[in-house]
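Here the structure is a predicted model, which means the values were calculated and not measured. Here is how names work: the chains are called A, B, and so on, in the same order as the sequence lines, proteins then strands, and each is numbered from 1.
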Number of protein chains: 2
Amino acid sequence: MRALKYAILGLLNRKPMSGYDLSKEFSSQIGNFWSANHSQIYPELKRLLDEKLVVYNIEISGDVLEKKVYTITEKGRKEFLRWLNKDEPMGPTPKDVFRLRMYFCNNLDVETRIRLLKHQLSQHEERLAFLSDEMKRYNTVPPIDSDAFGDYLVLDSAIMREETTIRWLKKCISLCQNGSDEK
Amino acid sequence: MRALKYAILGLLNRKPMSGYDLSKEFSSQIGNFWSANHSQIYPELKRLLDEKLVVYNIEISGDVLEKKVYTITEKGRKEFLRWLNKDEPMGPTPKDVFRLRMYFCNNLDVETRIRLLKHQLSQHEERLAFLSDEMKRYNTVPPIDSDAFGDYLVLDSAIMREETTIRWLKKCISLCQNGSDEK
DNA sequence: CGCGACATGTAAGCAGTTACATGATTAT
DNA sequence: ATAATCATGTAACTGCTTACATGTCGCG
């Protein structure tokens with residue numbers, strides 16, 4: 001599978017970057033659906049280098065600090081495009097610990113459920129507010145052949161995901177409260 | 001973290017089961033948000049046994065075929081409830097390879113994007129149809145202290161997730177088509 | 001001069017997938 | 001008979017997280 005490999009190749013296909021830059025990218029839009037930390041990125045870059053999918057040259061920041069700026073090769077671009085064009089089946093359903101916990105929530109007293117649900121709710125609302133703020137930067141949908149188009153699509157998806165989670169959490173809270181009244 | 005440990009304890013807290021039964025459970029409602037296959041379940045059961053959180057007794061199916069039916073212990077129940085009551089922060093954003101691909105979709109020609117998007121769309125619509133069918137079994141919201149309540153909540157969540165994904169996919173298709181007209 | 005950001009790496013361990021391996025039971 | 005399902009395990013490998021480890025640069 002090696003999704004990280006293609007995530008990195010895709011980012012380097014946008015523009016040359018260092019491992020450090022890549023790890024920052026994974027905190028931005030793309031990070032809503034894929035991320036990795038530096039301890040995974042550096043070894044992967046070494047591997048891509050061995051496979052001749054990337055090359056690097058060293059830039060000096062300041063006096064002596066070396067920065068390896070990686071560039072995708074023609075071979076790398078080909079392999080990336082091959083992966084991107086492939087039609088793959090729907091992936092496995094992603095895991096979610098909080099929903100796993102709610103699956104077992106009949107073992108919790110109602111007050112605890114509501115407390116846990118409200119805590120999740122506030123976190124997701126905060127996250128949604130952050131994402132909505134990012135969305136404000138787009139007055140219009142970016143051109144479909146620009147890098148920004150991908151940014152826009154995944155940001156939109158992340159917002160929709162948060163909105164849906166929030167709707168579900170509110171529904172859960174409501175069901176727990178009504179159910180407890182009925183008793 | 002050991003989420004699988006608690007998933008298994010929670011299921012055994014519902015009723016005694018074999019490893020085989022557990023792996024089937026992960027294909028039902030709970031499987032929408034957590035799953036594992038038998039190669040992970042059997043070693044985990046052994047570990048739970050070592051930790052004295054479960055015990056088993058052997059049932060014979062047919063003539064000689066042995067079936068290990070696991071039961072949660074009092075210690076196991078306590079540890080499960082401790083985990084369940086804990087208030088944990090929002091987990092990391094789940095990974096999604098298709099959205100990762102769409103992040104890079106400006107490198108695809110419009111026809112390919114639409115083909116890939118429509119393929120995903122049909123798969124998610126099929127999945128939604130299946131889940132909606134499952135939902136029909138509930139004429140009413142189950143009692144909030146029944147096992148079925150958890151089943152209901154996660155099924156509802158899975159349906160909302162599929163609906164949202166479908167809305168997003170349709171939006172992406174529409175954006176790609178309109179954008180290509182404008183050019 | 002101290003702190004946060006910049007910058008790159010390795011090691012140990014946990015979690016999860018795929019494949020290997022075996023055998024019994026039930027329905028057709 | 002034979003295929004699908006029941007039933008239990010192990011081994012090898014991939015992916016990912018957390019911690020270890022080191023050093024520079026720019027700002028206040």
Practice item. Output the residues of residues 14-34 of chain A in contact with DNA chain C, where contact means a heavy atom of the residue under 4.0 Å from an atom of the strand; sort by number or write none. Key: Ser18(A), Gly19(A), Tyr20(A)
Rounding to a whole Å, what distance do you find between [X]:[atom1] and [N]:[atom2]?
X        : N       : atom1 : atom2 : answer
Leu48(B) : dG9(D)  : CG    : P     : 13 Å
Leu4(A)  : dT14(D) : CG    : C1'   : 12 Å
Ile8(A)  : dC16(D) : CD1   : C1'   : 13 Å
Ile58(B) : dA7(D)  : CD1   : P     : 13 Å
Arg47(A) : dC13(D) : CZ    : P     : 13 Å
Ile41(A) : dA7(C)  : CD1   : P     : 14 Å
Leu65(A) : dG26(D) : CG    : P     : 9 Å
Lys46(B) : dA11(D) : NZ    : P     : 9 Å

**Study point:** Phosphate contact (dT25(C) OP1 or OP2) by Lys67(B) side-chain N/O below 4.0 Å
**Key:** no
Review point. Does dG9(C) have OP1 or OP2 sitting under 4.0 Å from an N or O in the side chain of Lys68(A)?
Key: yes
Revision key, fill the gap. One should read off an interatomic distance between His124(A) NE2 and Met90(B) CE, to the nearest 0.5 angstrom, of 5.0 Å
Check your understanding: Between atom CG of Leu128(A) and atom CE of Met135(A), what is the distance when rounded to the nearest 0.5 Å?
Key -> 10.5 Å
Would you indicate which nucleotide in [options] comes nearest to any side-chain atom of [X]?
X        : options                   : value
Tyr42(B) : dG23(C), dT8(D), dC16(D)  : dT8(D)
His38(B) : dA19(C), dT10(C), dC6(C)  : dA19(C)
Gln40(A) : dG16(C), dT17(D), dG23(C) : dT17(D)
Lys95(A) : dG9(D), dC16(D), dG16(C)  : dG16(C)

Exercise for review: May I ask you to say whether Asp21(B) pairs ionically with Lys15(B), meaning some side-chain N is under 4.0 Å from a carboxylate O?
Suggested key: no
Point to revise | Which residue lies more 5' along DNA chain D, comparing Asp63(A) with Ala3(A) via nearest heavy atoms | key: Ala3(A)
Study note, to complete from the structure: Judged by nearest nucleotide, the residue sitting upstream toward the 5' end of DNA chain D, Ser61(B) or Ser35(A), is Ser61(B)
**Study point:** Least distance between heavy atoms, Val154(B) atom then Arg99(A) atom
**Key:** CG1-O, 3.5 Å
Review point. 5'-most contact on DNA chain C: Glu66(A) or Pro43(A), nearest heavy atom basis?
Key: Glu66(A)
**Study point:** Sub-4.5 Å side-chain heavy-atom contact between Gln40(A) and Leu4(A)
**Key:** yes
Exercise for review: Kindly indicate whether the side chain of Cys105(A), heavy atoms from C-beta on, has any atom under 4.5 Å from the side chain of Leu153(B).
Suggested key: yes
Practice item. Taking the six-membered ring for Trp and the single ring otherwise, decide whether the centroids of Phe80(A) and Phe104(B) are under 6.0 Å apart. Key: yes
Practice item. Kindly indicate whether the side chain of Ser39(A) and the base of dT18(D) share any N or O donor-acceptor pair separated by less than 3.5 Å? Key: yes
Check your understanding: Using a cut-off of 4.0 Å on non-hydrogen atoms, how would the nucleic acid contact of Asn37(B) be classed: base, sugar-phosphate, or nothing?
Key -> base
Exercise for review: If the plane angle is over 60° it's perpendicular, under 30° parallel, otherwise tilted; pick one for His38(B) and Tyr42(B).
Suggested key: perpendicular
